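Note that this is a predicted model, so its numbers are computed, not measured.
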Amino acid sequence: MAEPSLLSSGEEPEERVIESALRPKHLDDFVGQQRVRRQLSLVLEASRLRGRSADHVLLSGPPGLGKTTLAMIIAAEMNAPLRISSGPAIQHAGDLAAILSSLSEGEVLFLDEIHRMSRPAEEMLYMAMEDFRVDIVVGKGAGATAIPLDLPPFTLVGATTRAGLLPGPLRDRFGFTGHLEFYSVDELELVLRRSAGLLDLRVTSAGFTEVASRSRGTPRIANRLLRRVRDWALVHRIEQIDARAAAAALDMYEVDAKGLDRLDRGVLSALVTKFGGGPVGLSTLAIAVGEEPETVETVAEPYLVREGLMGRTPRGRIATPAAYEHLGLPLPPDAAFAYSATLFGAGSGGASDDDGADDDGARADWG
């Protein structure tokens with residue numbers, strides 16, 4: 001079984017309580033995402049002036065950037081109750097009908113991972129969003145009867161990490177769509193300063209920068225790392241956390257200067273040392289690090305690619321020159337040629353990137 005990662009989304013109940021307390025409650029307190037925040041503020045203010053429920057809102061982007069927090073803020077700004085559910089929990093149209101029929105007027109319904117909702121429930125949601133009505137089917141076969149049920153006006157806030165999986169008819173029914181981007185180090189420092197104040201921590205400016213630079217552009221990870229630094233400082237009886245203390249704490253938790261954790265470095269090291277920098281198939285790479293292919297593909301690979309340490313080519317995964325530099329290894333004489341050739345698919349034989357050359361057969365040139 002894989003070891004839990006400090007950067008993963010799994011959390012203990014106490015951690016979830018603390019993280020909830022660190023969430024901003026109003027739009028003015030929300031750090032970053034200037035464009036989305038400005039546009040959303042206008043949508044909410046116009047709704048309040050009209051005295052109506054806000055338009056349905058779709059929030060997309062990678063995990064940990066504030067989609068759930070923004071849903072809570074929308075409810076608070078509209079002075080409305082909030083109902084929280086998720087796409088995977090709604091597998092039948094009846095599940096959705098039960099939720100919708102119990103909503104009160106103006107209530108905000110937050111559906112996390114909305115792209116994972118079942119198709120029958122999705123089709124029922126179309127009518128609910130547009131006409132505030134659902135048809136409840138009673139009976140089966142020729143004797144089945146559709147009973148229309150009127151719904152009070154409500155605001156649906158959908159969140160997704162994979163907006164491309166949402167069907168067009170569902171996307172079109174949202175009045176406002178906001179895409180959340182990764183945070184800069186400066187923005188994460190502002191997040192950490194606010195959190196440190198709530199946690200009653202004394203941290204220097206350099207300490208904030210050190211934690212922010214290792215947080216992968218994600219506020220959720222930044223707050224989690226800050227709590228681990230807090231624990232380290234408490235055990236070592238350090239009253240003020242500076243850059244040196246923050247670095248020592250995060251090094252102990254195996255989070256390096258670029259934000260790579262044990263799994264990230266394991267994947268990168270295997271790619272460079274065991275497979276000569278690639279190309280190598282996803283399943284082969286996963287076996288080399290003792291993880292499932294899905295774990296490597298969804299947890300480690302996105303950040304490695306975004307940081308320019310790994311590339312995806314038609315022949316498989318490859319290490320970039322930056323990967324050798326980060327691991328402190330010399331760049332092989334033929335690496336630059338191999339990198340440029342595989343990057344543009346030379347000799348790839350037309351294999352698709354999604355297969356990622358998943359079998360060992362894709363590396364026939366290795367012998």
- [ ] State, to 0.1 Å, how close R317 and E297 come at their nearest heavy-atom pair, and which atoms those are.
- [x] NH2-OE2, 4.0 Å
Task: Given V211, L225, L260, the one that forms side chain to side chain contact (heavy atoms under 4.5 Å, CB included) with V255 - done: L225
TODO: Would you mind checking if E254 and R262 are paired as a salt bridge, meaning a charged N to carboxylate O distance below 4.0 Å?
DONE: no
TODO: Could you tell me whether a side-chain N or O of T160 sits under 3.5 Å from a main-chain N or O of R162, the two making a donor and an acceptor?
DONE: yes
Open item on the list: If you count every heavy atom of other residues, nucleotides or ligands that lies below 6.0 Å from R133 atom CZ, does the total exceed 12?
Closed with: yes
Task: Nearest-0.5 Å distance that lies between atom CD in E45 and atom CE in M78 - done: 9.5 Å
Open item on the list: A quick test of your reading: do over 12 heavy atoms of other residues, nucleotides or ligands sit less than 6.0 Å from CZ of R244?
Closed with: no
Task: Side-chain donor or acceptor of K25 paired with backbone N/O of I73 under 3.5 Å - done: no
TODO: Look at atom CD of Q39 and say whether more than 12 heavy atoms of other residues, nucleotides or ligands are closer to it than 6.0 Å.
DONE: yes
- [ ] May I ask you to check whether over 12 heavy atoms, not counting those of E292, lie within 6.0 Å of atom CD?
- [x] no
Open item on the list: Quick one about S205 and R193 (side-chain donor to acceptor, distance below 3.5 Å, no hydrogens or angles considered), yes or no?
Closed with: yes
Open item on the list: I need the E107 CD to I99 CD1 distance, nearest 0.5 Å.
Closed with: 10.5 Å
Task: Side-chain heavy atoms of M310 within contact of T320, under 4.5 Å - done: no
Task: Interatomic spacing from CG in L250 to OG in S215 - rounded to 0.5 Å - done: 7.5 Å
Task: pair N223-R227: side-chain heavy atoms closer than 4.5 Å - done: yes
- [ ] Run the numbers on R312 and E301 for salt bridge (Lys or Arg N to Asp or Glu O under 4.0 Å), then give the verdict.
- [x] CA-CA 9 Å; R312 294 182 59 172; E301 188 175 277; 3.2 Å; yes
- [ ] Mind listing the closest non-hydrogen atom pair of W232 and A248 along with its distance?
- [x] CZ2-CB, 3.8 Å
- [ ] Spell out, yes or no, whether F30 and F176 are grouped together once hydrophobic residues are joined by side-chain heavy atoms under 4.5 Å, including indirect joins.
- [x] yes
Open item on the list: I'd like to know if L234 and M252 are part of one continuous hydrophobic network [Ile/Leu/Val/Met/Phe/Trp/Tyr, side-chain heavy atoms within less than 4.5 Å].
Closed with: no
Open item on the list: Between F154 and H56 (judged by ring centroids, cut-off 6.0 Å), do the two rings come close enough to count as a pair?
Closed with: yes
Task: Y183 OH to L190 CG distance, which is reported to the nearest 0.5 Å - done: 10.5 Å
TODO: Please check if L226 and V185 belong to a single hydrophobic cluster, counting links between Ile, Leu, Val, Met, Phe, Trp and Tyr side chain heavy atoms closer than 4.5 Å.
DONE: no
TODO: Check whether L58 and Y126 end up in the same hydrophobic cluster, where Ile, Leu, Val, Met, Phe, Trp and Tyr are linked by side-chain heavy atoms less than 4.5 Å apart.
DONE: yes
Open item on the list: Can you confirm whether F174 sits close enough to M129 that some side-chain heavy atom of one is under 4.5 Å from a side-chain heavy atom of the other?
Closed with: yes
TODO: State whether the side chain of T218 and the backbone N or O of I221 hold a donor-acceptor pair below 3.5 Å, judged by distance alone.
DONE: no
Open item on the list: So for atom CZ, which belongs to R119, do other residues, nucleotides or ligands contribute more than 12 heavy atoms lying within a distance under 6.0 Å?
Closed with: no
Open item on the list: Strictly distance-based, threshold 3.5 Å: is any side-chain N or O of R230 a donor or acceptor partner for the main-chain N or O of L201?
Closed with: no
- [ ] Would you mind checking if D256 and R214 are paired as a salt bridge, meaning a charged N to carboxylate O distance below 4.0 Å?
- [x] no
Open item on the list: Under a 3.5 Å distance rule, please check whether E187 uses its side chain to pair with a backbone N or O of S184 as donor and acceptor.
Closed with: yes
- [ ] Taking all non-hydrogen atoms of both residues into account, name the closest pair between V203 and A196 and its distance.
- [x] CG2-CB, 4.4 Å
Open item on the list: Looking at T209 and G207, would you say the former's side chain and the latter's main chain have a donor-acceptor pair under 3.5 Å?
Closed with: no
Open item on the list: Has T273 got a side-chain atom pairing as donor or acceptor with S269's backbone, closer than 3.5 angstrom?
Closed with: yes
- [ ] Indicate, with yes or no, if L285 and L329 share a hydrophobic cluster defined by side-chain heavy-atom contacts under 4.5 Å among Ile, Leu, Val, Met, Phe, Trp and Tyr.
- [x] yes
Open item on the list: On a heavy-atom basis, which atom in V299 and which in D264 lie closest, and how many Å separate them?
Closed with: O-OD1, 4.4 Å
Open item on the list: Whether R216 engages the ring of F182 as a cation-pi pair (distance to the six-membered ring centre under 6.0 angstrom, angle to the ring normal within 45°) should be assessed.
Closed with: no
Open item on the list: Does this structure show an ion pair linking R48 with E77, if we count only N-O contacts that are shorter than 4.0 Å?
Closed with: yes
Open item on the list: Can a donor-acceptor pair be found, under 3.5 Å and without considering hydrogens, that links the side chain of K67 to the backbone of D112?
Closed with: no
TODO: Would you please say whether a donor-acceptor pair under 3.5 Å links the side chains of R83 and S102?
DONE: yes
TODO: State, to 0.1 Å, how close S47 and A54 come at their nearest heavy-atom pair, and which atoms those are.
DONE: OG-CA, 3.2 Å
Open item on the list: Please report the interatomic distance CG(L27) to CZ(R38), rounded to the nearest 0.5 Å.
Closed with: 11.5 Å
Task: Distance, nearest 0.5 Å, that separates CE of M117 from CG of L165 - done: 13.0 Å
TODO: Search all heavy atoms of T204 against all heavy atoms of A243 and return the closest pair with its distance.
DONE: OG1-N, 4.0 Å
